[in-house]
Structure formats: C-alpha cells, structure tokens
Amino acid sequence: MRRVLLVSNRLPVTITGDASPSLTWSAGGLATGLRRVHANSNGLWIGWAGQHGPPDADVNAQLAAMRLVPVSLTREDVEAYYESFSNGVLWPLLHYLMDRIPASAHDWDSYHRVNQLFADAVLAHLQPDDVVWVHDYQLMLVPEMIRRRAPHARIGFFLHVPFPAPEVFSTLPWRDEMLLGLLGADVVGFHTLGYLRNFAQTLQKVLGMEVDMDRALHGGRSVHLGAFPIGVEAEEFEALARHPDVRARASGMLEGSSTECIILGVDRLDYTKGIPRRLMAIDRLLERNTSLHGRVRMIQVAVPSREKVPAYEDFHRQVNELVGRINSRHGTASWVPVHYLYRSVSREELVAMYVAADIMLVTPLRDGMNLVAKEYVASRTNDDGVLILSEFAGAAEELGEAVLVNPYDVAGVAGAIQRALDMSSDERVRRMRALRDRVRRFDIHHWASSFLAALDDALEVPSPDVVGTVSAAQLLDVVTPAGVAPAPVTLLLDYDGTLVPHVSRPELATPDPELRAVLQSLASAPGIRVAVVSGRRSDDLARWFSELPIGLHAEHGFTSRATDGTWQAALASADLTWIPRVATMMEEFTARVPGSIVERKGASVAWHWRGVDPGFGATRARELQQHLSVVLSNAPVQVLRGDRVVEVRVHGVSKALVARPVAAACAPGERIVALGNDFTDEDMFKALPPEAITVRVGPGETCARYRLASVREVRRFLALLVRRHAATTATHELEVAPR
C-alpha cells in the first residue's frame with residue numbers, strides 16, 4: 001500500500017492535561033475509520049492539533065511518534081478561517097440554509113491563507129509515491145494548491161457534507177476559486193449520487209465545463225467524480241451493544257418508570273439537525289393522542305457545539321424553551337415527556353441509549369450522511385426497533401427500509417412516530433434485519449478502501465491528455481535555447497483564445513495595440529516567419545492585418561492570402577449550397593437561446609453560445625449538434641463542436657490544409673511552432689511532423705506536446721522569442737565577424 005497523507009482540519013487526537021499533556025486518539029467515526037488507513041500505509045496525518053500557536057516540545061514529540069503533523073494556527077486564524085468563514089459561510093451554504101449566512105460575509109482571505117498553510121505542510125512531507133487524501137469543506141482549496149507546485153501528485157478529496165444544487169452554490173462570491181480548488185484532485189468524492197450530480201451541474205453552470213458521467217476534464221487531466229457513502233464501525237457498535245455492562249445500563253433506563261416506549265434523538269446542537277421541529281412533532285403527537293401520556297418518553301441528547309457563537313447561543317435557548325413548554329403542557333408529577341441532555345456522552349452510554357430506544361428519530365433538515373442512523377442500526381442486535389429518517393439526510397439513499405419523513409412537515413413526523421408505535425413486530429424485524437445487513441456490509445472500512453481503490457484506478461488509467469503546463473520562459477528555452485545560434489522559426493498562430501481572449505461576440509475580439517506590436521516585431525525579427533491560422537473570415541483578417549508581412553489563413557485554411565495580396569480558396573469546387581439552409585436552422589435555434597449568435601462565413605456557419613449561461617448553453621449545444629448531425633448526414637459537411645461553438649463546415653477543410661504545405665516548405669533544421677486552443681487546432685497539430693513544437697493554450701484534451709496556461713502567457717512567449725532571437729542573432733554575428 002502506498003503511503004497515504006491524510007489531511008483534515010483537526011488531528012484525530014485529544015490533548016489532555018496542562019502540566020504534562022498527553023495525547024489520546026479521538027473516538028469519532030472519521031478518526032476511527034481512517035486510523036486503519038493511517039496505520040496500514042505507514043503514512044502521515046496532517047491537521048490542526050487544537051491548540052493556539054505551535055505545540056510545545058513534549059506534545060510535538062508525542063505527535064511525531066504517532067506520525068501526526070500539526071499545522072500551527074493562531075487564535076485569530078481559528079476565529080476567521082474556521083468559525084467565521086468555514087462555519088459561518090460554507091456550512092449554512094452547503095446545507096441550503098442561506099438565511100443563516102451573515103450579510104457581511106468575509107474572512108475569505110483568512111480561509112485562503114490557512115488552506116495554503118495546510119498545502120505547504122503537505123508539500124513539505126510529500127514523497128513521489130505518496131497519495132494525498134484531503135477531507136471536507138474547511139480545506140476545499142488545498143487540492144489545487146498542492147497540484148500547482150506538485151503537478152504529478154496523487155490527490156483525492158472527500159466532502160463530508162452535502163454539495164448543494166448549482167443555484168445555491170452559485171451565490172457564493174468565491175464560487176470559481178472553490179470549484180477550481182476541488183478540481184486539483186484526481187478523485188473528488190461525495191456521499192451520494194445526488195451530491196455528485198449537483199457538483200457536475202455546478203461545474204457546467206459556473207465554469208462552463210462539460211462533465212462526462214463521472215469525470216470532468218480540467219487542465220489536461222481527468223478528474224474522476226464518485227459517490228462513496230461513509231459507514232460506521234459496525235462491529236464495534238455491535239460488540240458494545242452485546243456487552244453486559246452496556247446492556248445493564250440500558251435496562252436501568254427503564255427501571256422505576258412506567259414508560260413503555262423510548263424515543264431517542266442524538267445530535268450535535270446545530271441548526272441543521274432539525275431539533276426544534278422534531279420537538280414540535282412530539283408535542284403534536286402528545287396533543288393528538290393523549291393515551292400516550294405516561295407511555296412514551298423522548299430522550300434528546302444535544303452535544304454542545306460552537307458555544308461561543310451567538311447564533312448557536314440563541315439556538316440553544318430556543319431548544320430549551322421548547323423542551324420546557326412541552327414538559328409543562330403534557331408532563332405530570334410522575335412523568336416527564338422529554339428528557340433533554342445537553343452534554344457529551346461516552347461511547348458506552350450512547351450505545352446503551354441505542355439499545356434501550358424503541359424508536360430512533362433522525363430528522364435533520366439537511367445532512368451529508370448522518371452516522372447516528374447507522375450507529376443505531378448497528379447496535380440493534382435483537383433486530384428490533386424503528387428508524388425514522390429524514391429524506392434530506394444522505395443516509396436516506398441507502399437506508400430505504402427506514403420510515404422516511406420530510407423533516408419540515410411537523411404533522412408528518414408526528415404521524416410517522418405514531419406509525420412506528422403501531423408497527424407490528426414482524427414488520428419491525430423485517431425492516432431492521434435489512435438495514436443491519438447493509439450497515440454491516442458497507443462499514444467505514446469499506447468506505448475508506450473503496451475510495452482509495454477508486455483513486456488507484458484513476459491513476460492507473462492514463463489521462464487522455466498528459467501534457468504538462470509550461471511557462472512562457474520554459475517554452476522559449478525549448479524553441480530557442482539560450483546562448484545557441486538560433487535556427488529559423490515558423491510560427492503558426494491561432495487567433496481567438498490564443499492571441500486574444502474569447503469574448504461574447506466575435507466582432508468584439510479585435511486586435512489591441514499590444515498584439516499588433518508583438519506581431520510587427522515578430523514579422524521584423526530575423527529568422528522568424530509568422531502565419532495566423534484562424535477560423536475567422538478572410539474579411540476580418542484582411543482588415544486587421546493586411547499591412548503586416550505575415551501569412552493569413554482564414555476559415556481554418558479554406559482561404560489563404562497569396563503573395564500578391566489576393567485570397568485563394570483551397571477547395572475551389574466545394575459545394576456550398578447547404579449554407580443558407582444551415583444558417584436558417586441556426587437562426588431558429590438562436591431565437592430560443594438568448595445570448596447566442598450565428599456567424600456565417602464563406603465555407604462554414606457557426607453557432608456561438610459564449611454569452612449564454614454555461615450549463616444551459618452546453619445542453620442546447622448538444623441538442624443542436626445532434627440535430628444537425630442527423631439532418632446533414634448525407635451532406636458534404638462536418639458538424640463540429642468546439643469551445644462554446646457548434647460549427648458546420650465543408651468536409652475536408654481543416655487547419656491541416658495549412659500545416660502540411662508549411663511543413664513541406666521548411667528548410668532542414670527550421671523549427672515549426674504551432675499554438676492553438678481549440679479542437680480545430682488539433683487538426684493542425686496532428687498534420688505537423690513529430691519534431692514540431694505544438695502548444696495547447698488553456699485546458700482541454702490535446703495531442704500537443706506542451707501547454708501554455710493563457711493568452712497572456714502566449715504573448716509573453718512571443719515577446720521573449722523576439723528579444724532572444726534578435727539578441728542571439730546579433731551576438732552570433734559579432735562572434736563570427738572578422739577582426
């Protein structure tokens with residue numbers, strides 16, 4: 001097994017004692033489940049140790065012995081990155097509770113900076129064969145931060161909370177940065193297929209990416225998306241439930257009471273858990289059916305959480321008031337309907353409650369998974385009991401034999417409790433046996449091993465594009481090594497997305513003064529030939545560049561400017577009778593897709609959707625492409641889909657028509673450098689000889705040998721090339737000149 005570097009907000013240990021502090025493993029589900037991965041891989045666990053500032057020497061020594069790496073955070077870091085942004089902004093957003101987000105949401109800079117601290121800690125310990133597994137919403141930027149400095153690192157990310165619908169996530173001002181942060185991973189995991197679909201749709205809507213089922217192409221890599229429902233340590237809960245001390249404690253909960261049924265709720269005191277509505281359902285149940293008075297008892301455990309946050313203080317007060325009101329309305333001298341425990345409980349006490357409870361109420365308003373539901377099932381060794389489960393908990397996708405409820409429907413939850421009370425023994429046992437079988441089979445160890453297996457599979461299947469991104473300076477050294485007499489260079493340059501950024505309408509992408517200056521310098525530099533090979537119309541290229549002594553090739557090579565300044569068609573006899581029909585079809589389609597436009601050229605027609613909502617536009621583009629492919633199946637055309645464009649062009653026309661004769665005309669030793677950013681440029685790359693220097697600009701699958709990140713890097717490269725070519729040529733001439 002490869003060494004695994006686990007990365008989480010908190011280390012899985014508790015520091016106790018002041019004078020002589022000691023460390024003990026935490027008992028939480030995640031700490032328990034990943035401890036085996038940590039032990040078996042001989043890896044490291046990186047996270048915050050829970051102290052403000054760096055741990056002292058004694059604690060550091062104990063952490064090192066346990067292979068735990070602390071990330072030092074100040075009190076200000078914790079308040080800003082963790083409390084204010086992670087829990088104040090991301091937590092309610094991801095749980096669909098947008099009204100809980102402060103109007104003056106801030107501390108993004110702190111979140112970004114602390115994520116960088118975690119990434120730096122990983123990079124300081126990263127070895128070539130390591131696997132990095134990053135966890136949860138507090139560290140969503142870390143994968144990309146690692147990827148930027150370690151391009152070949154093996155990185156997985158798992159989100160332990162819901163991923164909301166794109167309409168919700170899109171409200172986050174830093175949505176692009178968050179999504180790009182996650183896309184630094186090789187595998188991004190979620191609890192459910194629903195969360196996965198939300199993420200894929202958000203990539204489409206926000207970033208305009210196309211997601212193919214379970215993968216997204218980003219930066220030349222395949223990012224695999226998967227659903228991995230987390231489980232619990234089922235064997236441990238079952239063993240505790242059978243332990244005599246635990247069973248005795250469970251029996252003690254019923255002694256001295258006439259209660260026939262215990263209803264249990266166990267939650268961290270958080271507004272996502274639905275505790276107030278759950279209590280209202282109990283109130284409604286007792287109000288409707290007074291015969292239950294004295295016969296049922298609700299035990300609600302609320303584990304303290306974020307006690308210093310004002311919103312949580314208010315929430316605690318609200319729950320206290322509800323409990324008091326219910327008990328005063330329905331209670332008697334010998335019977336209290338709701339027992340409210342506002343404290344943490346030990347694992348043994350918790351399992352004793354699971355054993356004693358006839359009905360388990362798990363009714364969060366939204367929850368990534370909810371392990372309490374699975375813990376209860378694992379503890380029911382007598383195969384009896386009823387689980388009432390919110391349909392908005394991730395666990396609902398697995399635990400179909402539970403009684404599923406809408407937690408917002410107070411009357412509906414009350415009715416579900418009544419149904420559970422009336423349920424026959426045979427039905428209870430049948431449901432619970434099915435639930436227990438599933439919880440045992442898909443425990444937390446199955447979750448961990450399945451995620452790591454998916455990460456291994458993703459790494460074993462080579463990405464369709466393994467091109468590494470280089471800087472402008474690095475590409476310059478490939479084309480013209482420093483200090484060497486320069487060889488002649490022929491540049492084949494795409495226009496849109498390569499020399500100028502993409503814009504919403506084609507007519508807006510006119511060359512700016514900087515670009516004109518760069519092209520003029522290239523055309524004047526000794527030993528450099530330049531050709532612009534574009535999908536643009538010949539009229540556009542002639543208007544922009546007619547005065548420059550460079551090659552101009554329009555409509556992907558269909559027409560080219562000859563030495564006498566005239567334009568000549570590569571396929572003079574091409575059938576163009578289909579163009580009006582296709583243009584009309586695209587115009588009709590444009591009427592239904594606001595923001596899209598049709599561009600008619602000499603030998604092609606293009607439907608541009610750069611001004612359309614990315615998700616909506618991608619869907620409509622697929623529909624248009626499929627429709628055109630069927631309608632034009634017998635026409636002498638190609639239907640192609642590129643970067644926010646669907647284009648129909650004459651069959652046989654491609655940038656290869658330019659690349660082949662250029663390559664054939666090159667002298668021995670002359671370097672061909674081709675740069676482009678779209679599917680049309682792939683034709684050019686493939687037509688050039690293997691020694692040609694082909695460069696993809698921006699993300700996407702490619703057969704190019706190199707990649708530049710942006711238009712800005714392209715311009716930097718061209719400017720550097722001019723300077724080096726001119727300087728090296730001049731130096732070489734001085735060296736060979738007679739003295």
Side-chain angles (χ1 to χ4, degrees), residues 1-2 4-9 12 28-38 40-41 43 45 94-95 131-140 142-143 154-164 179 181-203 211-216 222-234 366-375 377-378 389 392-400 435 437-461:
M1 186 177 184
R2 298 185 181 96
V4 179
L5 306 189
L6 300 170
V7 190
S8 60
N9 175 62
L30 183 63
T32 301
L34 292 179
R35 198 181 309 165
R36 185 183 294 183
V37 174
H38 181 63
N40 291 347
S41 79
W45 197 319
L94 296 171
H95 288 83
V131 170
V132 181
W133 191 1
V134 185
H135 290 268
D136 225 1
Y137 64 101
Q138 301 96 341
L139 304 176
M140 291 172 76
V142 169
R154 301 160 177 178
I155 307 170
F157 180 91
F158 190 83
L159 186 67
H160 291 266
V161 296
F163 195 94
L179 295 174
L182 294 177
L183 290 173
D186 295 292
V187 175
V188 181
F190 306 89
H191 284 305
T192 72
L193 287 171
Y195 305 155
L196 187 158
R197 285 193 298 270
N198 285 345
F199 181 69
Q201 290 168 4
T202 303
L203 292 178
V211 181
D212 182 13
M213 299 293 288
D214 60 350
R215 73 167 186 156
S222 272
V223 180
H224 293 252
L225 313 179
F228 308 91
I230 194 171
V232 297
E233 183 70 82
R366 187 76 58 171
D367 216 336
M369 174 54 67
N370 195 291
L371 296 182
V372 165
K374 294 187 175 185
E375 291 172 0
V377 169
L389 179 61
F392 300 129
E397 290 200 8
E398 291 181 273
L399 306 183
L435 291 170
D437 178 64
R438 195 170 300 114
V439 167
R440 281 194 300 241
R441 287 170 54 204
F442 300 105
D443 64 2
I444 194 165
H445 304 297
H446 177 274
W447 165 77
S449 61
S450 63
F451 184 93
L452 291 173
L455 185 55
D456 282 340
D457 290 344
L459 297 169
E460 289 171 4
V461 178

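The first residue in the sequence is number 1, and the count goes up from there. This is a predicted model, so every value here is computed, not measured.
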Worked check of side chain to side chain contact (heavy atoms under 4.5 Å, CB included) between Gln201 and Leu203: CA-CA 5 Å; Gln201 290 168 4; Leu203 292 178; over 6 Å; no
Heavy-atom donor-acceptor pair, [X] side chain to [Y] backbone, under 3.5 Å:
X: Asn9; Y: Gln138; result: no
X: Lys374; Y: Ile230; result: yes
X: Asp443; Y: Val232; result: no
X: Asn198; Y: Phe163; result: yes
X: Arg438; Y: Glu398; result: yes
X: His446; Y: Gly231; result: no
X: Tyr195; Y: Gly368; result: yes

Arg2 with Asp456: basic N within carboxylate O range, under 4.0 Å: yes
Stepwise side chain to side chain contact (heavy atoms under 4.5 Å, CB included) test for Leu6 and His38: CA-CA 8 Å; Leu6 300 170; His38 181 63; 4.1 Å; yes
Please report the closest heavy-atom contact between [X] and [Y], naming both atoms and the distance.
X: Leu196; Y: Ala227; answer: CD1-N, 3.8 Å
X: Val187; Y: Ala454; answer: CG2-O, 3.9 Å
X: Pro143; Y: Gly181; answer: CB-O, 3.2 Å
X: Ala200; Y: Leu225; answer: CB-CD1, 4.4 Å
X: Leu455; Y: Gly156; answer: CD2-N, 4.1 Å
X: Asn370; Y: Ala393; answer: CB-CB, 4.4 Å

Flag the pair [X] / [Y] as yes when at least one side-chain heavy-atom distance between them is below 4.5 Å, and no otherwise.
X: His191; Y: His160; value: yes
X: Leu179; Y: Thr202; value: yes
X: Pro12; Y: Trp45; value: yes
X: Met369; Y: Asp367; value: no

Supply the atom-to-atom distance [X] [atom1] to [Y] [atom2], rounded to the nearest 0.5 angstrom.
X: Leu34; Y: Ser8; atom1: CG; atom2: OG; value: 8.0 Å
X: Arg154; Y: Leu452; atom1: CZ; atom2: CG; value: 12.5 Å
X: Glu233; Y: Arg35; atom1: CD; atom2: CZ; value: 9.0 Å
X: Arg36; Y: Ser449; atom1: CZ; atom2: OG; value: 9.0 Å
X: Ser222; Y: Asp186; atom1: OG; atom2: CG; value: 9.5 Å
X: Ile155; Y: Leu183; atom1: CD1; atom2: CG; value: 11.5 Å

Phe190 ring center near Phe228 ring center (under 6.0 Å): no
Phe157 ring center near Trp133 ring center (under 6.0 Å): no
Trace of the side chain to side chain contact (heavy atoms under 4.5 Å, CB included) decision for His95 with Val161: CA-CA 8 Å; His95 288 83; Val161 296; 3.9 Å; yes
Geometric class of the Phe158/His135 ring pair [parallel <30°, tilted 30-60°, perpendicular >60°]: tilted
Residue pair Val223, Val188: steps toward the side chain to side chain contact (heavy atoms under 4.5 Å, CB included) verdict: CA-CA 7 Å; Val223 180; Val188 181; 3.9 Å; yes
